[in-house]
Every structure is written in structure tokens, then in C-alpha cells.
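Quick notes on the structure that follows.
As the structure is a computational prediction, the values presented were derived from the model and not from experiment. We count ligands from 1, going down the list as the structure has it; atoms in each ligand are counted the same way.
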Amino acid sequence: MNRQGTKNIAIMGSTGSIGTQALDIVRAHPDLLQAEVLTAQNNADLLIKQALEFEPNCVAIADKSKYGYVKEALQKHDIKVYAGADALCQVVQMDTIDLVLAAIVGIAGLNSTIAAIKAGKPVALANKETLVVAGAFVTALAKEKGVNIYPVDSEHSAVFQCLAGEYGNKVEKIILTASGGPFRERDKASLASVTKADALKHPNWTMGAKITIDSATMMNKGLEIIEAGWLFALKPEQIEVVIHPQSIIHSLVQFHDGSIKAQMGMPDMRIPIQYALFYPNRIASSFPRFDFGAYPKLTFELPDTEKFRALTLAREAMKTGGTMPCVLNAANEVAVDAFLKDRISFLQIAEVVESCMMKGAQVDKPGLEDFLNCDTETRRTAERLCLQTDTRQP
Ligand code: NDP
């Protein structure tokens, strides 16, 4: 905190869906939050616009070719400008930062999150891929540095909120809710021909493209199972998934006396983001409130793991452990990107992931280097598989 009691935050990925919603919260609480660092991959125009509005200490853009453009736009302002992936790891370590919001998408968010933890900065974690890929390394490092990781994902925030005040009470299992995505009611055969536009239509949430496709395949829930395992020290069999199409109950915790606690609210990511930014305090908000009259029924069903193969693959990867979740994640990132570029079909996403898991060399007690090598190697394999199945090839 600075002298006025304002929390200085670094928003990694400020131009994304989570990043812009975090800035909505900063905008609503200028007396409590200051955006000290803002970063983007290549959306220079939005980064400049954000910098002019929020006047951070510095901005960093990962794409070095955009440096001159951003620098020129901000030259009359007292805002430092950096560029390149390494710069992201340096800006999170600045002395003035009180908390880092890790909201870069994919493994691209791993290094800056590790850098933040190394510098002893508390992390509000949206970037689930960090824990999926290198959960063992990241959680051990956070423990060693005494750094708290606050979940931002709505399901994990829900579990975290249910656990408040339960210290020492045994958790039997947690139940992660899933909307079921846009294809919940379709049969598997019909998924062969769904388009990118169909898959990008999430029924309840507006999110970045990658996580929206992950929600359609249900890989997102698979990644969340692995993320929950690391965040709450749970075994795979202690993490259940239930489809809850209304997305009002964000997740549940069942204790060893049989009691279940659930956390509810509107599907609005600003609620868990704000909780992570201000934990343990709840700050008044003007977000839309839940109306019981508008939701006469909250319904639940079990997921169809035959249709949503990705969910089964993620569970298998978690059970295998070692570098297997890293293989799962890297193959999925490549396959989703290929799907978004119309290179492979929807059902081929899980096929590419499964093939990579079958081919991937397994390292049982991996260090960071092993994770990074595994990521590079798997991406190569997945790229080859996508090329072989490229629907645009003659
Ligand atoms: P978006 O795609 O909307 O935003 C991603 C952000 O990361 C952008 O600022 C983007 O910059 C930046 N970025 C992308 N690639 C790189 C890179 N190689 N180097 C540096 N920065 C990069 O993603 P979301 O906000 O939807 O998701 C962010 C994370 O939060 C993901 O891990 C997701 O799983 C998780 N999450 C998201 C939720 C949501 O509601 N959106 C809900 C729960 C979790 P640019 O704009 O310049 O491309």
C-alpha cells in the first residue's frame, strides 16, 4: 500500500477480458486502487488508451515492434514504456507494486507470474495455465517465498469463499460447476460440423477467445480441475464436476460432516476479480444483483464425458501427474489456435490433445526446465498433427 492507503496493482494482460474488467474496478475505486503497471501482447491502441486514462507508472508491450508507436503516443506523459517478453518479468517486480493480477492467456503468462512470486508479490491468479503447466514448481515457490495466490477464476473463487472461516475443518470434496457451454444439448455426431462462430457463442459469459473455445470443448473445466488440485491441495477424486446451465452457483464445498456450502451470484467476473484484489475485505459494488424471480429453477446434470472427451483427458493428465498436464495444456493451446484459424475441426481439438498425450515423453518429478522443454516439444508435435489434419490443405 502507498501512503494514502491505495493498493498499487500490476495488471498483466490489461487489454484482455479479465484485464479490462479489472480496470472497471479500478475506475470505480480510484481511492483504493492504482493501476501501476499495464501490459499487452500487441494491442497497442488499447494499451495507450488505458495508459492515458489510468496514468500508470509504466506500460509494457510484449510485441517489440510496437514499442516506438506506444512510446511516441505517451511521450508527453510521465509513463515509462517497455517492450518484449523479458520486460513483463521485470515490471512485475517493481518495488511499488502491492499485488499482481496475472491475466495473460496461456503459458505466455507463466514467466511473469513466476517473476512476481520470486519478488514476493501476492498474485491474483486468472491465468490457470500457470498452475496446469507447472503447478508443482509454482506452488512450491510461493510457499518458499511466503506468497499468497488468490484465485480469480469464478469457480476457484467460489471454493475459496466457501472455505473462509473453515480452517481445520476437513473437506471431503469440492464440486466445480460448469455451464456446459454452447453445445450442452447437442449430440456428439453433430459437433463434427460446428463452426468457430458457433463455438464462440458462450451462453452465460463473455470471455477471451481461447477460454471460450475451452468452455465449448469443456477443456476449461478440465484445466480447472487441475488448477483446483494445486490451489486447494486436493486429489483428483476429491474434485467433481456438475453441469449447472444457469451459472448462478459458482462452485461448492462438501465437508466431512456431509454439509455442503455453495457460493452464488450473477455470472459477472468482476465479482471474483474484486474479491481477489481486496481479499479478505468485501468492497461495496454496483454490479447487477441476483433476482430470485428471474431464476425460478436452478438445475444440475452430470457431464457427458463421452461427448466432452477433453474433460476425461484432463482427469487422466492430472492422475498421471509429472509433465502430462503440461502436454495437455500445450497441445490444447496449439489445437485451439488451429481451430480458431479454421485449420482443424472442433472434434479434432481433443484428438490432437489425446495424440500428444500418447506420444509425449513423461517426466515424473519435473523441474521448471522440464516443463518448458515439454511445452516446446509438445507444441512441435501438436503443430505437426494440425498440419496433417489441416482442413485447408488440398
Ligand atoms: P484475453 O484473450 O481476453 O486476454 C489476454 C490478455 O493477455 C491480453 O491482454 C493479451 O494482450 C495478453 N497476451 C496474450 N498473449 C500474450 C503474450 N504472448 N505475451 C503477453 N501478453 C499476452 O484472455 P482472458 O482475459 O479471457 O483470459 C485471461 C486468463 O484468465 C486466461 O488464462 C483465462 O483462462 C483466465 N480466465 C478468464 C476468464 C474470463 O472471463 N475471461 C474467467 C476465468 C479465467 P493483447 O490484447 O495485446 O493480445
**Message:** Just to be sure I understand the cut-off, which residues have at least one non-hydrogen atom under 4.0 angstrom from an atom of ligand 1?
**Reply:** G13, S14, T15, G16, S17, I18, A40, Q41, N42, N43, A62, L88, A103, I104, V105, A108, A126, N127, K128, E129, D153, M207, G208, I211, M269
**Prompt:** Is the number of heavy atoms from other residues, nucleotides or ligands within 6.0 Å of NZ (K188) greater than 12?
**Reply:** yes
**Asked** Are there more than 12 heavy atoms of other residues, nucleotides or ligands under 6.0 Å from atom CG of N281?
**Response** yes
**Asked** Would one find more than 12 heavy atoms of other residues, nucleotides or ligands at under 6.0 Å from atom CD of E72?
**Response** no
**Message:** Could you go through T177 and E155, starting from their C-alpha distance and side-chain angles, then the distance that decides it, and tell me whether this counts as side-chain hydrogen bond (donor to acceptor under 3.5 Å, both in side chains)?
**Reply:** CA-CA 7 Å; T177 53; E155 295 77 0; 5.3 Å; no
**Item:** For L302 against I243, the heavy-atom pair lying closest together
**Value:** C-CG1, 4.1 Å
**Main-chain N/O of L52 paired to H77 side chain as donor or acceptor, under 3.5 Å** = no
